[in-house]
Amino acid sequence: MKKTIKFFSMAAFAMLGAMTVSCSSDNDELLSEQPVNKKNLVTTTVTISFDDATTRTLTDDGTTLSNKFAEGDKIVVFYNEETTYSALRAESEALAAGDISADGKSATFTITLTNPKSASGFRAIYPYNMAKTSISIINNPSEDEYTVDYSKLATQDGTLATLGTQLNLAMYEGFLTDGKLPSFMLANKLAIAKFKIKDNGGNYVTNTITQLNINDGPNGYQVRPSKQEVIYVAMKPVATSQTISFSAATGLMNYNRSVTGKALTAGHISPINLTMYPMASTATETDKGKLICADGHIHAYDTDAACTADRIALICYVGDAGKADASSDNYKGLALALTDASTSAAWCSQKSETCLVDRYSTEQTTDMAGITNTMSLVFNHDHTHAAASAASNYKYNNEVDAGTHPTGTSEWFLPSAGQWKKMIDACKNVLGTKNSYEDLRDGFSGVGGTNLRSDTYWSSTEKSASRAWRYRFNDSGWAEYYKDDVCSVRACLAF
């Protein structure tokens, strides 16, 4: 059955509002003369009206941005075939210039349905490229996963032009009447997010963003804008209960931010003004004393009140790439957890066997292999290494699984002797005024953490078959202790 569908009033940006359909009898005589199962031509006129135009029309600097039909536009209908009940896909003919009228606000589409089942369900999708190119289900043409190509939303360019012509999804689901399309209303199915982005210094950086990643849990979107003052993104609706995570890159800086309680509603344009925070990976030496949050961004304590992420680690050292841990040429910084992982853990359950391949008996502070040491100790199944395990499984609050670490950092580990030394030296007269080990020891309470104890802390550096190195924060001394003795543990991150 061949059907012609005519759409009016496509003026609004989001293709929103109600559509009223009436069937013309212009071709009734022709239809009655055609035999059964021949393709019949039925002209259907659809009138679009708009409700709540103030929230459903995008206005920028006083100029209303609207979407109009253009040559080449198509629509797709999924429906059931009469005999086999198979779900079929029908794509309209492309619009020609003569099909478009009313300054682009109306157009006539021609579409052919082959032997449609008389009263079966159908789904109409506009624009056509948001519909999947094939369908493989029986008697259910209205399922999203089989009809809508949401993968088209995964990568976007952030421009209004692309969004309006290719991603502006509108649909209707209903039932055929005697194999004909009934009256129906198209509804917009996506939320439109309009981004303007500042750094945490209050400077707009939107036009410097080269990549914006958005994740609401089940859905992820990657946007690659090009020097745009505003970035537009078509997204599935988001409930206030969901957390939306954002990461952005400028080529020089990486930023991150998480937002909760922000609803994105289908058919509405939601301005999102983000203050983004730099990622730990972009930290410099001047960022010592700042905090790393659960999503991997950094900022000074109490300077960014809008931050709702958990603050979990204190940056204690930043140097050149590859200098923070021997496991990677990229790690340049070290951060200590804001609280202890343990106050009484043994280094090893045995004290007469070598646990690591390398031992540092005299130059212990040259060992920068904290990550490798910890992994080797935790997964050495011959005996237990409580200190390394406590660090590896550090849990920074009651709502987070043990071992969870921020985006862009290493997993938690027990710092080596060399890493302890780097952090102690780097924090002198930075976290305090004493220009000594006490500055690191006492530098946590002022940023919402717990100071290191005036006691001994294990490193992951092995001294010998029976001993390992630990540092005394009561008198600034290194000591080699029996491995089955107990000391405090503070977990570390590399970034």
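Predicted model only: the values in this text are computed from it and were never measured.
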Donor-acceptor pair, distance only, cut-off 3.5 Å: does the side chain of [X] make one with the backbone of [Y]?
X      : Y      : answer
Gln156 : Gly158 : no
Glu229 : Asn207 : no
Lys332 : Ser281 : yes
Asn188 : Leu169 : yes
Thr450 : Thr339 : no
Asp325 : Ile371 : yes
Asp216 : Asn219 : yes

N-O pairing of Asp157 and Arg224 below 4.0 Å: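 So Asp157 does not pair with Arg224 through a salt bridge.
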Test log, rule side chain to side chain contact (heavy atoms under 4.5 Å, CB included), inputs Glu71 and Leu95: CA-CA 5 Å; Glu71 292 183 58; Leu95 287 181; 5.5 Å; no
Rounded distance [0.5 Å steps], [atom1] in [X] versus [atom2] in [Y]:
X      : Y      : atom1 : atom2 : result
Tyr331 : Met368 : OH    : CE    : 13.0 Å
Leu181 : Phe175 : CG    : CZ    : 13.5 Å
Met130 : Thr147 : CE    : OG1   : 10.0 Å
Lys262 : Ser270 : NZ    : OG    : 5.0 Å
Ile272 : Arg257 : CD1   : CZ    : 11.0 Å
Asp295 : Tyr277 : CG    : OH    : 9.0 Å

If you take all heavy atoms of [X] and [Y], which pair is closest and at what distance?
X      : Y      : answer
Pro415 : Met423 : CB-CE, 4.1 Å
Val378 : Ser392 : CG2-CB, 3.9 Å
Ala313 : Ala335 : CB-CB, 3.9 Å
Thr409 : Leu493 : OG1-CD2, 3.8 Å
Leu334 : Ala324 : CD2-O, 3.6 Å
His297 : Cys307 : NE2-SG, 3.4 Å

Partner of Ser460 by side-chain hydrogen bond (donor to acceptor under 3.5 Å, both in side chains), out of Thr374, Asn373, Thr372: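 Going through the options one by one, the only one that passes is Asn373.
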In the structure I gave you, are the side-chain heavy atoms of [X] and [Y] within less than 4.5 Å of one another anywhere?
X      : Y      : value
Leu176 : Lys117 : no
Gln228 : Thr159 : yes
Ile197 : Tyr255 : no
Ile231 : Thr206 : yes
Pro237 : Leu264 : no
Val148 : Met171 : yes
Pro127 : Thr165 : no
Tyr79  : Leu88  : yes

Lys323 atom NZ, neighbour heavy-atom count above 12 within 6.0 Å: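 For Lys323, atom NZ is not crowded (no more than 12 foreign heavy atoms under 6.0 Å).
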Met375, CE atom: more than 12 neighbouring heavy atoms under 6.0 Å: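 Open: at most 12 neighbouring heavy atoms sit under 6.0 Å from CE of Met375.
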Between Asp73 and Tyr126: side-chain donor-acceptor atoms closer than 3.5 Å: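 Yes - a donor-acceptor pair under 3.5 Å links their side chains.
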Donor + acceptor pair across side chains of Asp149, Asn129 (<3.5 Å):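 Short answer, no.
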Ring-face cation of Lys198 near Tyr204 (centre distance under 6.0 Å, axis angle within 45°):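 So Lys198 does make the cation-pi contact.
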Would you please name every residue forming a salt bridge (Lys or Arg N to Asp or Glu O under 4.0 Å) with [X], sequence neighbours left out?
X      : result
Lys395 : none
Lys132 : none
Glu285 : Lys288
Lys236 : none

By ring-ring contact (aromatic ring centres under 6.0 Å, His included) - contacts of Phe495 (at least two apart):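 Applying ring-ring contact (aromatic ring centres under 6.0 Å, His included) to Phe495 gives none.
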Residues in ring-ring contact (aromatic ring centres under 6.0 Å, His included) contact with Tyr394, at least two apart in sequence or another chain: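 Tyr394: ring-ring contact (aromatic ring centres under 6.0 Å, His included) contacts with Trp412.
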Candidate pair Gln211 and Asn254, rule side chain to side chain contact (heavy atoms under 4.5 Å, CB included), full reasoning: CA-CA 10 Å; Gln211 182 169 312; Asn254 294 318; over 6 Å; no
Stepwise side chain to side chain contact (heavy atoms under 4.5 Å, CB included) check, Tyr128 with Ile75: CA-CA 5 Å; Tyr128 81 98; Ile75 193 168; 5.8 Å; no
Mutual orientation of the aromatic rings belonging to Tyr172 and Phe122 [parallel < 30°, tilted 30-60°, perpendicular > 60°]: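 Rings of Tyr172 and Phe122: tilted, 30 to 60°.
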Step-by-step side chain to side chain contact (heavy atoms under 4.5 Å, CB included) determination, Leu414 to Val489: CA-CA 7 Å; Leu414 182 63; Val489 174; 3.9 Å; yes
CA sep, side-chain torsions, deciding dist, call: Phe78, Tyr146, ring pair (Phe, Tyr, Trp, His ring centres under 6.0 Å): CA-CA 10 Å; Phe78 291 94; Tyr146 297 111; over 10 Å; no
Passing option when Ile292 is tested against Ile298, Leu338, Leu314 for side chain to side chain contact (heavy atoms under 4.5 Å, CB included):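 Looking at Ile298, Leu338, Leu314, the match for Ile292 under the side chain to side chain contact (heavy atoms under 4.5 Å, CB included) is Ile298.
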